[in-house]
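Quick notes on the structure that follows.
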Amino acid sequence: MRIDVVSIFPEYLAPLELSLIGKARQDGLLELNVHDLRTFTTDKHRTVDDTPYGGGAGMVMKAEPWAQALESVAAAREGSRPVLIVPSPAGEKFNQALAYELAEEEQLVFACGRYEGIDERVIDWAQEHFTVRPVSLGDYVLNGGEVAVLAMVEAIGRLLPGVVGNPESLVEESHSDGLLEYPVYTKPSAWREHDVPPILLSGNHGKIAQWRRHEQFRRTAERRPDLMEGFDAGVLSRADRQALADLGYDVVDGRLKARPGGDIEN
Ligand code: 6GU
């Protein structure tokens, strides 16, 4: 995969040289280029922003430097249609499913806006060259797209073949099956009056798998009830259904439904 990031703060992306993603780049599994938007300006002051038409607070990023930058990175891979991701609190919500989808692409381009955003005509114009996707990390506001790109590139990059050493570790993690991950423990088994759940020391792998699954349901019901309602009940075993009934969830029309007056506190 090739990733291009355009930003007025290229140094913000330096952490992508570290750890798993840095190693993937060194190993040639991921080609990642960071571009300074100002190198695509033509005026003495390298201006990237101007005042908003219609008035109001703040500044808007000018269209032409963005068009120059995006034309330059789109030309790098002829014949393909790269995906242009525009980080914005006004975008569709980023999640694990979107990470998997984007991990299949040949080229991703991230356009990091700052100030009040990029002139909207860039988004319209870019559709000639790119599949354009405004994407948000969640319902809060960042000062610019750079931190969001760090998160998205890490989430996508670790799904590329060979990046995570043991692909098994992608299978049992939070959100991979629509549920939160079960809790994990390591030595010592007794620590400051807190013991590891005895089942994990039993050596009974069937029982351990069942306990972990139950913990996933318990945690998800407590912390993310929104995920419970969307869960596909078609994949549930009898033991799962019993665990869920104990947590106050019934299966209605193939979906989980919190039982009225049901209690997730047990
Ligand atoms: Cl992706 N970008 C910006 N600038 N702010 C955000 C965001 C993205 N997601 C949440 N807030």
Side-chain angles (χ1 to χ4, degrees), residues 1-21 30 32-38 40-41 47-54 56-67 69-70 73-74 82-105 107-127 129-160 174-175 180 223-224 226-227 230:
M1 170 180 279
R2 173 179 167 137
I3 295 180
D4 293 276
V5 183
V6 183
S7 164
I8 59 166
F9 295 122
E11 304 92 331
Y12 235 116
L13 286 307
L16 296 177
E17 285 166 25
L18 306 175
S19 188
L20 216 66
I21 300 299
L30 170 64
L32 194 147
N33 314 287
V34 180
H35 312 268
D36 184 346
L37 179 68
R38 288 193 201 276
F40 298 93
T41 58
T47 311
V48 293
D49 63 330
D50 207 334
T51 53
Y53 279 118
M59 299 290 271
V60 173
M61 296 191 102
K62 292 167 67 61
E64 188 55 24
W66 275 109
L70 296 177
V73 298
V83 176
L84 176 64
I85 299 159
V86 185
S88 161
E92 68 176 301
K93 194 96 63 82
F94 187 75
N95 61 18
Q96 192 66 19
L98 184 51
Y100 272 105
E101 193 183 326
L102 295 173
E104 298 293 320
E105 295 291 336
Q107 187 186 6
L108 302 178
V109 178
F110 290 89
C112 298
R114 284 260 149 187
Y115 317 116
E116 300 308 306
I118 303 170
D119 188 317
E120 189 67 19
R121 292 170 295 179
V122 174
I123 312 304
D124 304 334
W125 162 86
Q127 310 198 21
H129 305 273
F130 300 88
T131 300
V132 182
R133 298 189 76 159
V135 175
S136 168
L137 290 192
D139 295 338
Y140 47 85
V141 178
L142 303 172
N143 285 332
E146 287 80 3
V147 166
V149 169
L150 291 176
M152 288 189 273
V153 168
E154 183 155 316
I156 296 161
R158 64 194 292 285
L159 300 178
L160 300 176
S174 286
H175 301 293
L180 303 185
R223 300 180 184 175
R224 294 294 304 278
D226 58 311
L227 296 181

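Note that this is a predicted model, so its numbers are computed, not measured. Indexing begins at 1, ligand by ligand and atom by atom, following the structure's order.
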Report task. Search all heavy atoms of A57 against all heavy atoms of P52 and return the closest pair with its distance. Result -> O-CG, 4.3 Å

Query - Within 6.0 Å of CD in Q96, more than 12 heavy atoms from elsewhere - result: yes

**Report entry** Closest protein heavy atom (residue, atom, distance) for atom 11 (N) of ligand 1
**Finding:** Y140 O, 2.5 Å

Query raised in the report: Considering only the protein, which heavy-atom contact is closest to atom 8 (C) of ligand 1, and what is its distance?
Result: S88 N, 3.5 Å

Report summary line: Contact region, V135 to ligand 1, non-hydrogen atoms below 4.0 Å, reads backbone

Query raised in the report: Heavy atoms only: which of V86, L142, L137, I85 is nearest to atom 9 (N) of ligand 1?
Result: L137

Query raised in the report: Any idea which protein heavy atom is nearest atom 3 (C) of ligand 1, and the distance to it?
Result: P89 CD, 3.5 Å

Query raised in the report: Taking heavy atoms and a distance under 4.0 Å, where does P87 meet ligand 1: side chain, backbone, both or neither?
Result: both

Query raised in the report: Are R133 and E105 within salt-bridge range, i.e. N to O under 4.0 Å?
Result: no

Name each donor-acceptor pair under 3.5 Å that joins a side chain in residues 138-153 to protein atoms two or more places apart or in another chain, with its distance.
unit_1: E146; atom_1: OE1; unit_2: R114; atom_2: NE; d: 2.9
unit_1: E146; atom_1: OE1; unit_2: R114; atom_2: NH2; d: 2.9
unit_1: E146; atom_1: OE2; unit_2: S7; atom_2: OG; d: 2.7

Query raised in the report: Tell me, do N33 and R2 make a side-chain contact under 4.5 Å, heavy atoms counted?
Result: yes

Requested in this report: Below 4.0 angstrom from a heavy atom of S136, which ligand 1 atoms are there? Numbered from 1 as shown, please.
Outcome: 1 (Cl), 9 (N), 10 (C)

Query raised in the report: Mind checking whether T47 and R38 have side chains closer than 4.5 Å, heavy atoms only?
Result: no

Report summary line: ligand 1 to A148, heavy atom cutoff 4.0 Å, flagged ligand atoms 1 (Cl), 8 (C)

